[in-house]
Structure formats: C-alpha cells, structure tokens
Amino acid sequence: MSAVAHSPLLKLHPEDNIAIARNSVGENQECELTETESVTTREDIDLGHKVAIKQIYKGEPVRKFGQVIGFATCDIEPGDWIHSHNLAAGELSLDYAYSTDVPAPPEPITGRTFMGYRRPNGKAGTRNYLAIVSTVNCSATASKYIARELAQTSLKDFPNIDGIIPLVHKGGCAMQYDGEDHHQLMRTLGGFAKHPNIGAYVILGLGCETGQGAFLSDSEGLVQLPNLKEQPVNAPLVLNIQDIGGIAKTVKQVSALLKEYLPQVNDVTRVPIPVSELILGTECGGSDGNSGVTANPALGIASDLLVAHGATSILGETSEIYGGEHLLTRRAITPEIGKKLIERIRWWEEYTGKFGVVIDNNPSPGNKRGGLTTIYEKSLGAIAKGGSTALREVYRFAEPVTEKGFVIMDTPGYDPASVTGMVAGGANVVAFTTGRGSCFGCKPVPSIKISTNTPMFERMEDDMDLDAGRILHGTSVEQVGREIFELIIEVASGKKTKSEVQGIGDEEFCPWSIGPVL
C-alpha cells in the first residue's frame, strides 16, 4: 500500500478503517487513499480529523496507526466524520507480552559534540542560571523580589549568566511530614538545585513550613554549591524569612549574598562535550489529530539518533501512555522494567478512581477541536516521541535519571508539572510538540517547540522553532527528525529558542502534588 501524495486524506496503516485529513476537506469530495482505494466524504472534515473509509458497525473497533483507538457507538458509513459523537474509548484488552520485541541496539555513533558547560562535578550544562529555591509558597514573593532586584541592578555586568530564576510554587506546607508528597517535593526542589544549568542557588523558606529547608538540604545532599569552582566560605545554604526579620530584610540580605556569587557563576566557558551527555525531555501539549502523524514520530527519529549517540531520551506523561502501554512493555529490556511501567499505570487507575475521575477525561477540549477523540488515540500518538529503541528504565517523578538510552518517567499529562519532573531528573534540553499552539518555556532548560501542522506554525511563528507539518505534504518523517536532532544540538550549544527570546519560563516551574492538602 502506498499513500497518494496529492490526496487531502492520509491512510496511516493497512489495517486502519479511518483516514486523517491533511487539510480541511469539503463535503462530497472524492479522495484517493491508495492506488486501489478511495472514499467520498459525506460531510466537511477539518484538518487533523478522522473520516471513515469503510463501513464500521456499532461496537466495532476503530483503528488508527493499526491500533484500536476506541469503539463505534453507532453505525458509521464510509465518508462519515468520526469523532466524539460516534466514537468512545470503551474497554481494551491489551497483551503486554513483556520483553518479547526488544529492538537490537542502534549502530553506535561516536565523535559528535555540543558546546556546553563542563561543571566541576563532571556534569554537562546547556545554560547558566542563578536560582532562588523557595521551599514554600510563603517565601515566593520574597524570592521574586530578590530576583527582580538582581536582574535590575547586577546581572548586566555578567554576560555569561542567562538570568536568575525564582523557583516558586503553591505548595510546601499542609502535607504529611516525611510522607510521599513531602519527599516528592524535596526530590523536585533538590533536582533543580543540583541541576547543571544552575550555577549557584540559595534555599529560601519562611521558617515554620512542613517543607523545611534543612530537611531539603539533608535529604537531597545539598551540602555545597556543586557548580561553583570555589565553595563560598561560611555562606548559608538555607535562609528563613522569620529568622532574618521579614521580607524587606530578607530581600536585602539574600540579594547581597547572591551578588557575591555572580563573578564565579559568570566565570564559565562553553567547551566541546560529547552528545552522549545530553538528556532530552520530550513533551506534547495542545495536541491535535496530526501530532501522532508528524511532530511526534519525527521527534521519535531524533530520540533514536540521540540514543545511537549514547544519550538519553525521556518519555513522560503516564496518563498519556494509557492505552498504548502494551507497545512499550514489549520493548522493555527486562520483564521487570515493563512491569514497573504497568505498576505506574495501575497506580494512575487507583489514583484517579479515588476522585471519581476516568483517565479518558483527557483529551482536553482543545485536543478534541484538533481532531483527537479518545485517550487511546492521544496516547498512541504521544508515545511516538519515544522512538523505536529498547525501553531501559522507568523512573518515579523527579528521580535522578542515570540510565542511558530511552527511558520513561512517571509524570502527569499537565505540561508544566510533567516537564518540571523531567528537568528535576536531569533533562538539559526539552523538545515540545504542539498542534494547537503552546507558548511553553522552561527555565533553566531550553524548550524547543515543534508544530504538527503548517497553518499553526505560520500563525504562531514567533513561538514555534520548527515546522513538522511539512510531513503532511511530502517531506519525510526521517528528514524532519534529523532536523530536530540538529536543532537539539544547536540549542544545547547556546542557540536561543523562541521561548527564550521572549523571556518565557519563569511561571512554568510546577512541582506535582499528589497528596491531600491538610
């Protein structure tokens, strides 16, 4: 079977009973699918939406990518638009077949480097920021005031510093002390503090919160500033507003302390570092019906290339793996790793069930306007970001990622929380695909945004870094994937992304809270 290049509809797999609109298609339009297949639309079909190419009876499966994405809720005629009015998720019966289809390792590629910052502890940074790690929402305002003070008065004299980030959030208290939520927050804050893109930091608390700064420094081993060549003598790592005497005094004291760090933080030079030391976080947000056709599989090609170079690629968003997890368990290098993924899937079923929520509440309204109908459809497209290599490990949220190759981190589908977890785990570049048009940024890590369709890219060109929508009109997935790979290396070497140029990324730090607020 070969697709017809000029057709407005695209059949993705020989077993599919639907096709995808490459662009908006009018009613009563005859469309070739292959050299031997065609279909006439019975109604208007928008870009990224689905049209039946065969008779589908009520209760029968609807297939996209050769996989079941749901079941018809009524009889569907060839040429009908398929969406929420006639398609529902239903119950899938999945065969996990642990480790039965483990791909052979890709042919190793050596010698390629990027220009990054070699930190004293040996880690590789792609940016160079100063950070104020706020332990609790009660110290958030003071953290922002300190960052504003330094940005306005001091940073202009230190050109090698990319900026100062107040890592502020809405939690830090009213949670079980020493409980799961407490430790997850500490992992997240500690991961950012130790991140190779943070040249130096200070921990700022109120003083009475559950998430004590001393607990953070002890539990995460924050005994020094690992990315400074010379350690400050008797410089406090943890400060509390109550001890200092209020916000005004805190802003003055902490600003003065951080100013002492600026010359050292600025004393960095980019040097060649093997591509094998890149850790890529992959994310999709504002997805549409073409996400799994263009940008996500192209990012999967880039992921495979990184793995071949000895690097790491992280797939997150466990709630958007749901329904496609059987394709990943088969690629797990051991059954135990595959079962770790399914344990996370079962946790999500229990977790959402406590609140009377079903995971198929995702896709969002915007996803559905873009052509996605069920979580299975969304998940099958989302996991394409992970490429085709073996699954080597499954991590909890914000755990340090130490394994090379393709790995999974358990994160929610909510973009800021998901990326926060991957960055806390060590991701030093993020690639973010979007069909509806996300404006995401992610300090201290650059976020590359990739559009799934050309109309959105042209409409939001100030926010998009690369257009994968060209795939719908003849450019190969492999070519766009290689372009993404090259862009990842350029950005890791200092090229600013569109979100960085606009200064976006201060508001996207979002630790994931899983427990009750007490």
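Because only heavy atoms are used, hydrogens play no part in the values below, and waters and symmetry mates are left out as well, while side chains stay in. Along the sequence shown, the residues carry numbers beginning at 1.
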### Query
Would you call E209 and C138 a side-chain contact if the rule is heavy atoms closer than 4.5 Å?
no
### Message
For F485 and L306: C-alpha separation, side-chain torsions, deciding distance, then whether side-chain contact (heavy atoms from CB on, under 4.5 Å) applies.
### Response
CA-CA 7 Å; F485 172 75; L306 283 168; 3.8 Å; yes
### Message
Within the structure provided, determine whether T126 and Y117 are in side-chain contact (heavy-atom separation under 4.5 Å).
### Response
no
### Message
Parallel, tilted or perpendicular: which one describes the rings of Y177 and F215, with boundaries at 30° and 60°?
### Response
perpendicular
### Message
Under a 4.0 Å threshold between the charged nitrogen and the carboxylate oxygen, would E393 count as salt-bridged to K340?
### Response
yes
### Message
For a quick check under 3.5 Å, do Q212 and T135 share a side-chain donor-acceptor pair by atom type?
### Response
no
### Task
Could you grab the distance from atom OG1 of T210 to atom CG of D178, nearest 0.5 Å is fine?
11.5 Å
### Query
Counting only N and O atoms by type, is there a donor-acceptor contact under 3.5 Å from the side chain of E317 to the main-chain atoms of E283?
no
### Query
Under the 3.5 angstrom rule, does the side chain of N227 hit a backbone N or O of A200 as a donor-acceptor pair?
no
### Task
Please answer whether the main-chain N or O of M464 pairs with a side-chain N or O of K498 as donor and acceptor at a distance below 3.5 Å.
yes
### Query
Should K194 and E220 count as an ion pair when the cut-off is N to O under 4.0 Å?
yes
### Task
Could you tell me which residues satisfy side chain to side chain donor-acceptor pair (under 3.5 Å) with K385, sequence neighbours excluded, listed by chain and number?
none
### Task
Answer yes or no: is there a side-chain heavy-atom contact under 4.5 Å between I489 and S493?
yes
### Query
Should M456 and R436 be marked as a side-chain contact (heavy atoms from CB on, under 4.5 Å) after you check the CA-CA gap, both sets of side-chain angles, and the distance that decides it?
CA-CA 7 Å; M456 187 275 287; R436 303 295 291 171; over 6 Å; no
### Modelled atom types, side-chain donor and acceptor of R119 and N197, under 3.5 Å
no
### Message
Exactly one of H309, K404, K123, R118 should register a side chain to side chain donor-acceptor pair (under 3.5 Å) with E277. Which one does?
### Response
R118
### Task
Check whether any side-chain heavy atom of D410 lies under 4.5 Å from a side-chain heavy atom of Y395, and answer yes or no.
no
### Message
Please tell me whether T497 and D465 have a donor and an acceptor in their side chains that are separated by less than 3.5 angstrom.
### Response
no
### Query
Do side-chain atoms of T294 reach the backbone of T452 as a donor and acceptor pair under 3.5 angstrom?
yes
### Message
Using modelled atom types and a 3.5 Å cut-off, is there a donor and acceptor pairing between side-chain atoms of D181 and backbone atoms of I514?
### Response
yes
### Message
Whether R331 and D101 form a salt bridge (side-chain N of Lys/Arg under 4.0 Å from carboxylate O of Asp/Glu) is what I want to check.
### Response
no
### Task
Measure from the side-chain N and O atoms of E403 to the backbone N and O of V401, and report whether any donor-acceptor pair falls under 3.5 Å.
no
### Message
Does any part of the side chain of V419, heavy atoms only, come nearer than 4.5 Å to the side chain of E508, both counted from C-beta?
### Response
no
### Message
Please check: side-chain N/O of S143 versus main-chain N/O of V168, any donor-acceptor pairing under 3.5 Å?
### Response
no
### Message
Using a 6.0 Å cut-off, check whether atom OH of Y414 has over 12 heavy atoms from anything other than its own residue.
### Response
no
### Donor-acceptor contact present, side-chain N428 to main-chain L278, <3.5 Å
no
### Note: K368-E377 ion pair, threshold 4.0 Å (strictly below)
no
### Query
Side chain of E149, backbone of S255: donor and acceptor closer than 3.5 Å?
no
### Smallest separation among heavy atoms of S418 and T411, with atom names
OG-OG1, 2.7 Å
### Query
Without hydrogens or angle criteria, can the side chains of N296 and S291 be said to hold a donor-acceptor pair below 3.5 Å?
no
### Message
Classify the ring geometry of F509 against H169: parallel below 30°, tilted from 30° to 60°, perpendicular beyond 60°.
### Response
perpendicular
### Message
Check this for me, if you would: do D267 and K229 make a salt bridge, where the nitrogen-to-carboxylate-oxygen distance has to be below 4.0 angstrom?
### Response
yes
### Query
How close do G285 and T434 get, heavy atom to heavy atom, and via which atoms?
O-OG1, 2.8 Å
### Message
Rounded to the nearest 0.5 Å, what separates atom CG in L94 from atom CD in Q67?
### Response
8.5 Å
### Query
Would N367 and S287 count as having a side-chain donor-acceptor pair, cut-off 3.5 Å?
no
#### Entry: Verdict with reasoning, E349 to R346, per salt bridge (Lys or Arg N to Asp or Glu O under 4.0 Å)
CA-CA 5 Å; E349 290 176 331; R346 298 293 173 253; 3.2 Å; yes
### Candidate pair R127 and V491, rule side-chain contact (heavy atoms from CB on, under 4.5 Å), full reasoning
CA-CA 10 Å; R127 295 295 185 269; V491 167; 3.6 Å; yes
### Message
For C510, is there any backbone N or O sitting under 3.5 Å from a side-chain donor or acceptor partner on T420?
### Response
yes
### Query
How about Y201 and F192: are their ring centroids closer than 6.0 Å?
no
### Task
Starting from the C-alpha separation in whole Å, work towards a yes-or-no answer on salt bridge (Lys or Arg N to Asp or Glu O under 4.0 Å) for K443 and D506.
CA-CA 6 Å; K443 295 177 182 177; D506 289 296; 2.9 Å; yes
### Task
Taking all non-hydrogen atoms of both residues into account, name the closest pair between A142 and V251 and its distance.
O-CG2, 4.1 Å
### Plane angle bin for W348 and Y351 - parallel if under 30°, tilted between 30 and 60°, otherwise perpendicular
perpendicular
### Message
I want to check something: taking the side chain as every heavy atom from C-beta on, are R148 and K144 in contact at a cut-off of under 4.5 Å?
### Response
no
